[in-house]
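Basis for what follows: all heavy atoms, side chains included, without hydrogens, waters or symmetry-related copies. A quick note: this is a predicted structure, and the numbers were derived from the prediction, not measured.
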Amino acid sequence: HAITPDGRTGIGVVIEAGAFDVVAVPLDGDTRMDTVLASRYNEGWPALSPDGRWLAYESDESGRNEVYVRSWPALGGKVQVSQSGGAEPAWSRDGHELFYRSGGGAEPMLVAATFDAGPNPRVRSRTPLFSVASYEFATPHRNYDPFPDGRSFAMVRQGRPGQLAEVVYVQNPKALLHP
């Protein structure tokens with residue numbers, strides 16, 4: 001879920017008949033809901049860049065969940081960010097990186113994709129940060145948030161048997177890659 005930088009519009013997800021669609025809702029008390037992304041596929045997990053120019057979201061249009069970016073509010077052509085599956089996008093505070101949970105491979109990872117927002121937007125690099133296998137996944141919103149430094153994260157760790165899940169602060173992701 002996201003709020004535009006001017007604070008006038010919320011971007012969220014509606015679930016109707018089992019399908020996920022992205023909608024915009026005015027925050028001035030108006031009860032209308034404008035469809036942003038709706039198709040025969042599921043679209044959700046919206047994340048608006050800090051400058052309000054780019055909308056990241058997840059869609060299963062390729063046959064598996066992937067993370068995409070489109071210009072906002074014009075919704076120009078999409079750029080696929082993830083490879084081999086992706087979920088739960090979140091922008092860094094400076095808008096140059098887009099974090100997401102990878103969906104491919106034996107172990108899901110939190111990935112930092114460097115996003116070039118020039119006239120021809122593209123992903124320049126994808127860097128796995130750490131395993132997210134023991135952290136909770138959420139629907140239809142993400143279950144983590146990057147700190148302003150772009151290298152620390154608040155996440156929900158799965159509880160062990162007989163324990164509740166807990167919110168944790170992941171401060172040094174590189175150390176988690178090489179224990």
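No single ILVMFWY cluster, assembled from side-chain heavy atoms under 4.5 Å apart, contains both Val67 and Leu48. By the criterion of side-chain heavy atoms lying less than 4.5 angstrom apart, applied directly or through intervening Ile, Leu, Val, Met, Phe, Trp or Tyr residues, Leu37 is not grouped with Met33; the two fall into different hydrophobic clusters. No single ILVMFWY cluster, assembled from side-chain heavy atoms under 4.5 Å apart, contains both Ile11 and Val23. Cluster membership for Met109 and Val123, using ILVMFWY side-chain heavy atoms within less than 4.5 angstrom, is shared. The hydrophobic clustering, which links ILVMFWY residues whose side-chain heavy atoms are closer than 4.5 Å, places Leu129 and Met155 together.
Residue-environment remark: CZ (Arg93) exceeds the threshold of 12 foreign heavy atoms within 6.0 Å.
Here Glu58 contributes atom CD and Arg101 contributes atom CZ; the two are 10.5 Å apart, rounded to the nearest 0.5 Å. Here the straight-line distance linking atom CZ of Arg53 with atom CH2 of Trp72 works out to 14.5 Å at 0.5 Å rounding. Separation of atoms CZ (Phe20) and OG (Ser59) is listed at 12.0 Å; rounding is to 0.5 Å.
Between the side chains of Asn42 and Asp60, at least one donor N or O lies within less than 3.5 Å of an accepting N or O.
Summarising the geometry of Gly85 relative to Ser82, their closest heavy-atom pair is O-CB, 3.7 Å, with the distance given to 0.1 Å. When all heavy atoms of Ala90 and Pro146 are compared, the closest pair comes out as CB-CD, 3.9 Å.
With hydrogens and angles disregarded, a donor-acceptor distance shorter than 3.5 Å links the side chain of Thr4 to the backbone of Thr9. Looking only at distances, a side-chain donor or acceptor of Arg126 sits under 3.5 Å from a matching main-chain atom of Val81. Distance alone, capped at 3.5 Å, is enough to place a donor-acceptor pair between the Ser71 side chain and the Gly76 backbone.
In this structure, Leu110 and Pro128 have side chains that are not in contact, with every pair of non-hydrogen atoms separated by 4.5 Å or more. Counting heavy atoms from C-beta outward, Trp91 and Phe99 have side chains that stay 4.5 Å or more apart. For the pair Leu55/Val36, a side-chain contact is recorded, criterion being any heavy-atom separation below 4.5 Å from C-beta on. Between Asn143 and Glu88, some side-chain heavy-atom pair lies under the 4.5 Å cut-off. At least one side-chain heavy atom of Arg70 sits less than 4.5 Å from a side-chain heavy atom of Leu75. The shortest distance between side-chain heavy atoms of Thr114 and Ser125 falls below 4.5 Å.
Considering Phe153, Phe130, Tyr144 as possible partners of Tyr135, the one that fulfils the side chain to side chain contact (heavy atoms under 4.5 Å, CB included) test is Phe130.
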### Message
Set out, in order, the CA-CA distance, both residues' side-chain angles and the distance that settles salt bridge (charged side-chain N to carboxylate O under 4.0 Å, His left out) for Arg151 and Glu97, then state yes or no.
### Response
CA-CA 11 Å; Arg151 294 291 164 246; Glu97 286 184 304; 2.9 Å; yes
